[in-house]
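Heads up: numbering here begins at 1 and tracks the sequence. All values below were derived from every heavy atom in this structure, side-chain atoms included, with hydrogens, water molecules and symmetry-related copies excluded. When a ligand or atom number is given, it counts from 1 through the structure's own listing order. Every value quoted in this text rests on a predicted model; they were computed, and no experiment measured them.
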Amino acid sequence: MEYNPKVIEKKWQKFWEESGAYEPKENKSLPKKYILSMFPYPSGNIHMGHVRNYCISDAIARKFRKDGYNVLHPIGWDAFGMPAENAAIKHKTHPKKWTYSNIKNMKSQLYSLGFSFSKTRELATCDLIYSKWEQSFFIAMWEKGLIYRKKGFLNWCPNDQTVLANEQVIEGKCWRCDTPVVQKEMYQYYIKITDYAEELLRDLDTLEGKWPNQVLTMQKNWIGKSEGLSFSFDLEKSIQSEDCVISALEVFTTRPDTIFGVSYCALAPEHPLVKAMLKNPEVYGLSKEAVEQIQAIQNTSERERAQQEKMGIPLGIYAIHPLSEKKIPLWVANFVLMGYGSGAVMSVPAHDERDFEFAKKYNLPIIPVIAPKDSVDYSKQGFYAESGTLINSQEYNGLDNEEAKRKIIAYFEKNGKGKSVVNYKLRDWGISRQRYWGTPIPLIHCEFCGIVPESLEKLPVALPEDVSIDGEGNPLDKHPTWKRCVCPQCGKEAIRETDTLDTFMESSWYFLRYTTSQSLRDSEAINTQEARYWMDVDEYIGGIEHAILHLLYARFFTKVLKTLGYTESSEPFSHLLTQGMVTKDGAKMSKSKGNVVDPSEIITQFGADTARLFILFAAPPIRELEWNDSAVEGSYRFIKRLCAKIEKVQKITALPKITAENLSEAEKYARKKVYEALKKSYETFTHESGYAFNTLIAACMEALNALNEQDNVEVWSEGYFILLNILEPIIPHICWELSQEYFNLANFAPIVVDGSALKEDSITMAITVNGKRRGEIKVALNAENAEVLALAKVAVEKWIADFTIVKEIVVPNKLVNFVVK
Ligand code: ANZ
Ligand code: ZN
């Protein structure tokens, strides 16, 4: 049969769509599989990363469907976000128009690849109905006290008078006007993800072996639990400002055992004590220069500070060491974060790298208090951060440092001078954005009632369409009428919140939304019964770049929605598959590198099945995939060959019953290869095997080669019947076409592996010495050469024992010849 992908691919895509072939079934007594790829951002065109992502999930979805599972394999659009606004500024189009037209375009690109998505479950996060439910969750969380408003620091461009996202700050400057960005304190909304820190950490254990270790470790580090001591240093003299008197400095340390090594204390520039001093710098003898240096650190984001050299300013005031009663100088330091612990550190240069660097730079004392147990030489690095025995520590001298830690904590607790605490690196999640293209925050500011949620009947709070988006200020705030409203509580005039939500909010629950069928979507956010049936996602597939934020937020949201009664899941994704990058010429395929291969071109030139086959053949899913034009052509040739060779097949409607006895070796061998491939297809589609489609495809290619070595029509027919079944998840169009044509198949069903076909058959090989037949051996078909040679030598031992073998020749499955002298 002539291979004509243009015709058959259109034909089958139309058939699948019209027959609703890929909609999940209503029948909830069927076993289910929920197969999900991370949804795309509608940037305009799909790229190879998308193609790879969906080729993987589609193969898995198709395989399980064929094996009798009820499969949910949905797609949607992560549709809010900054690029739409940038496009609006640049091309004078409306973000909504831009977004929906991109969706339309990308959707047709995706469907041209034959992906088996459910059409009825599709969603875009900018759909009004999606906003409605998200806002209802926001309100529920607000009312539970899980969302709060607090002043926080934001990147601010003083020239454009606008808040900038981190991505819009380039080397400390505004991406549009190059003005240095400052940190401005503004009201922000936060979700208390920290309330769930322990649970988020603990439940990572349940994902062990199911999520990549690397991701689990990254999440663990991000949550960053540490246990230590919190205590206060008394100040030598207290600090006063109009509103407060500060007489002590609280610090958090994970190494109380090093307390006698403290040589200074370091404070974040935002620390209240520093702020109080900056109000009256003269009183404390702070020079103008010192004040400016402190302000300069305040004006750099914490991310930038982390990349800077250690830097500090002495405050000229002292604290008293609680045990040694020595005077300890106070410094402001750029590496101390206000949001962690108490924003102040007891610094121990002898045992901490950062403290050491800082002490070296500013000539501060370095007092060793932990002696290494073995004769470790750490003089090169200068500090010693490991365990050891206490020295220079009064009555604690000689103790093992872990024991000293416990004793010192106990001492502080007993005397009421400090307490043992657990700290997490995890910060509350700042969810408000001063931008237009996002879900409006459904809150109202009333002069009389304070901040009040919009009433539920009025949801969704929709974005106004008539806005001017020019990049200056917040378009919602600038809109002449939108923010005017009435207070849902007292009915007086009030003002709507003009911030919108971080788009990570939408991607935190879309997988739960998918479980709700179309007919219920207007009336329910998440139907609990459907969620119970479909959740958890059985295989979640996406890029490793989402290892922390998206995956952590999604886990968190699931836990919150469980508390709110929407789902019974504690963890949304029972297995996670992180796909490798698509590269070309050794670099990540990306516009900026100019090495992009456009999926549409490949489809036009070779067809969707070739693109799918190449992608899944070139590398196992978790590995990097290097683009290779000749391998693409190779994939195309394989499909062409599959089409050409089907001429050997006799039309059948069921698997023929073949009895092995009467078959030739080549026929048996062909059957064995076919069934090996079938067996492999069951092994490949498991999380544990990593879905190594490449080896499965290789097995199919071998099987086709083996079929071609024989002429038995039944064996050909059986072989094709099985091969098309195995390959359907990978190259569905051609498999449907050929199966329909030759086997009158309207669908695919699982095939049982015929164990007898897999049996190793033994064959007889002749052994010759210098060309004369001297014996024979019985070995397994296609036995390894090494094995064959060893057996052959034994069989003709008396003919070779007194000679030297100068050459060994093996003709596979036929004969062995020894040349001797
Ligand atoms: C003294 C000390 C001695 C420390 C030593 C470490 C080693 P983890 O384990 O990551 O939680 N620290 C406390 N608050 C800080 C802040 N706001 N910004 C920057 N650093 C801060 O780190 C806890 C350690 O980080 C604490 O223990 C403190 O330094 C520092 F040999 O105290 B340590
Ligand atoms: Zn009111």
Side-chain angles (χ1 to χ4, degrees), residues 197 201 220-231 233 249-274 297 302 305-306 310-312 321-322 328 331-359 366-372 378 381-388 390 392-393 401-402 404-405 408-409 418 420-427 443-455 484-496:
L201 183 67
K220 207 169 161 194
N221 293 341
W222 186 263
I223 296 167
K225 180 177 182 174
S226 62
E227 297 174 84
L229 173 71
S230 170
F231 70 96
F233 285 85
L249 176 70
E250 191 186 330
V251 298
F252 166 68
T253 178
T254 48
R255 294 293 306 272
D257 49 322
T258 64
I259 192 164
F260 286 94
V262 175
S263 65
Y264 62 99
C265 283
L267 284 73
E270 295 84 6
H271 194 283
L273 188 152
V274 179
I297 306 178
E302 287 185 351
R305 291 180 210 176
K310 306 271 166 303
M311 187 160 58
H321 192 290
I328 306 287
W331 286 66
V332 170
N334 66 344
F335 63 84
V336 183
L337 307 173
M338 193 55 225
Y340 190 61
S342 65
V345 188
M346 67 170 219
S347 296
V348 186
H351 302 291
D352 179 82
E353 182 169 9
R354 292 176 304 182
D355 297 350
F356 177 77
E357 277 178 42
F358 194 87
I366 299 171
I367 313 155
V369 290
I370 308 284
Y378 61 91
Q381 60 177 22
F383 63 94
Y384 178 71
E386 315 297 315
S387 57
L390 267 75
N392 299 328
S393 301
N401 76 301
E402 284 303 322
K405 204 183 267 184
I408 291 171
I409 293 178
S420 131
V421 289
V422 173
N423 256 312
Y424 298 90
K425 291 248 155 54
L426 186 66
R427 296 279 77 89
L443 293 176
I444 288 163
H445 299 265
C446 170
E447 212 184 308
F448 308 96
C449 312
I451 303 180
V452 190
E454 179 58 284
S455 51
R484 290 176 210 284
C485 64
V486 290
C487 169
Q489 215 158 292
C490 69
K492 297 204 181 79
E493 273 188 18
I495 300 287
R496 247 181 227 304

Return yes or no for this condition: an N or O of [X] is under 3.5 Å from an N or O of ligand 1.
X      : result
Asp352 : no
Arg255 : no
Thr254 : yes

| request: Establish, from distance only, whether the side-chain atoms of Ser230 and Glu250 form a donor-acceptor pair under 3.5 Å. | output: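 Yes - a donor-acceptor pair under 3.5 Å links their side chains.
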
Atom pair [atom1]/[atom2] of [X] and [Y] - distance to nearest 0.5 Å:
X      : Y      : atom1 : atom2 : answer
Phe448 : Gln489 : CZ    : CD    : 12.5 Å
Asn221 : Leu201 : CG    : CG    : 10.0 Å
Asn392 : Thr258 : CG    : OG1   : 12.5 Å

Nearest neighbour in protein (non-hydrogen) for [atom]:
atom                    : value
atom 18 (N) of ligand 1 : Leu337 N, 2.9 Å
atom 3 (C) of ligand 1  : Thr258 OG1, 3.4 Å
atom 10 (O) of ligand 1 : Lys425 NZ, 2.3 Å
atom 19 (C) of ligand 1 : Phe335 O, 3.4 Å
atom 30 (C) of ligand 1 : Arg354 NH2, 3.6 Å
atom 31 (F) of ligand 1 : His351 O, 2.9 Å
atom 29 (O) of ligand 1 : Val345 CG1, 3.5 Å
atom 32 (O) of ligand 1 : Thr253 OG1, 2.6 Å

| Is Ile366 close to Ser263 at the side-chain level, that is, under 4.5 Å between some pair of heavy atoms? |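 Side chain of Ser263 against side chain of Ile366, heavy atoms only: no contact under 4.5 Å found.
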
| message | Within the 4.5 Å heavy-atom criterion, are Ile367 and Phe260 side-chain neighbours or not? | response |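 No, their side chains stay 4.5 Å or more apart.
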
| request: Show which atoms of ligand 1 fall inside a sub-4.0 Å distance from at least one heavy-atom site of Val336. | output: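 Heavy-atom distances to Val336 below 4.0 Å select 16 (C), 17 (N), 18 (N), 19 (C).
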
| Ser226 heavy atoms, cut-off 4.0 Å: which ligand 1 atoms fall inside? |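 Heavy-atom distances to Ser226 below 4.0 Å select 8 (P), 9 (O), 11 (O).
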
| request: Starting from the C-alpha separation in whole Å, work towards a yes-or-no answer on side-chain contact (heavy atoms from CB on, under 4.5 Å) for Phe233 and Val262. | output: CA-CA 11 Å; Phe233 285 85; Val262 175; 4.3 Å; yes

| message | On a heavy-atom basis, I'd like to know which of Phe252, Phe383, Tyr340 is closest to atom 11 (O) of ligand 1. | response |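 Answer by nearest heavy atom: Tyr340.
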
| Pairing of Arg255 and Glu227 as salt bridge, 4.0 angstrom limit |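 Here Arg255 does not pair with Glu227 in a salt bridge, since their nearest N and O are not under 4.0 Å apart.
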
| said: Under 4.0 Å between a side-chain nitrogen and a carboxylate oxygen: does that hold for Lys405 and Glu402? | reply: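 Salt bridge: yes.
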
| query | Vertex the Zn ion (ligand 2): angle to SG of Cys490 and SG of Cys449, to 10°? | reply |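 Cys490 SG and Cys449 SG form an angle of 100° at the Zn ion (ligand 2).
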
| To the nearest 10 degrees, how large is the angle at the Zn ion (ligand 2) between Cys446 SG and Cys487 SG? |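 Nearest ten degrees: 110°.
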
| field | Close aromatic pair by centroid cut-off 6.0 Å: Phe358 and Tyr264 | value |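 They qualify: ring centres under 6.0 Å apart.
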
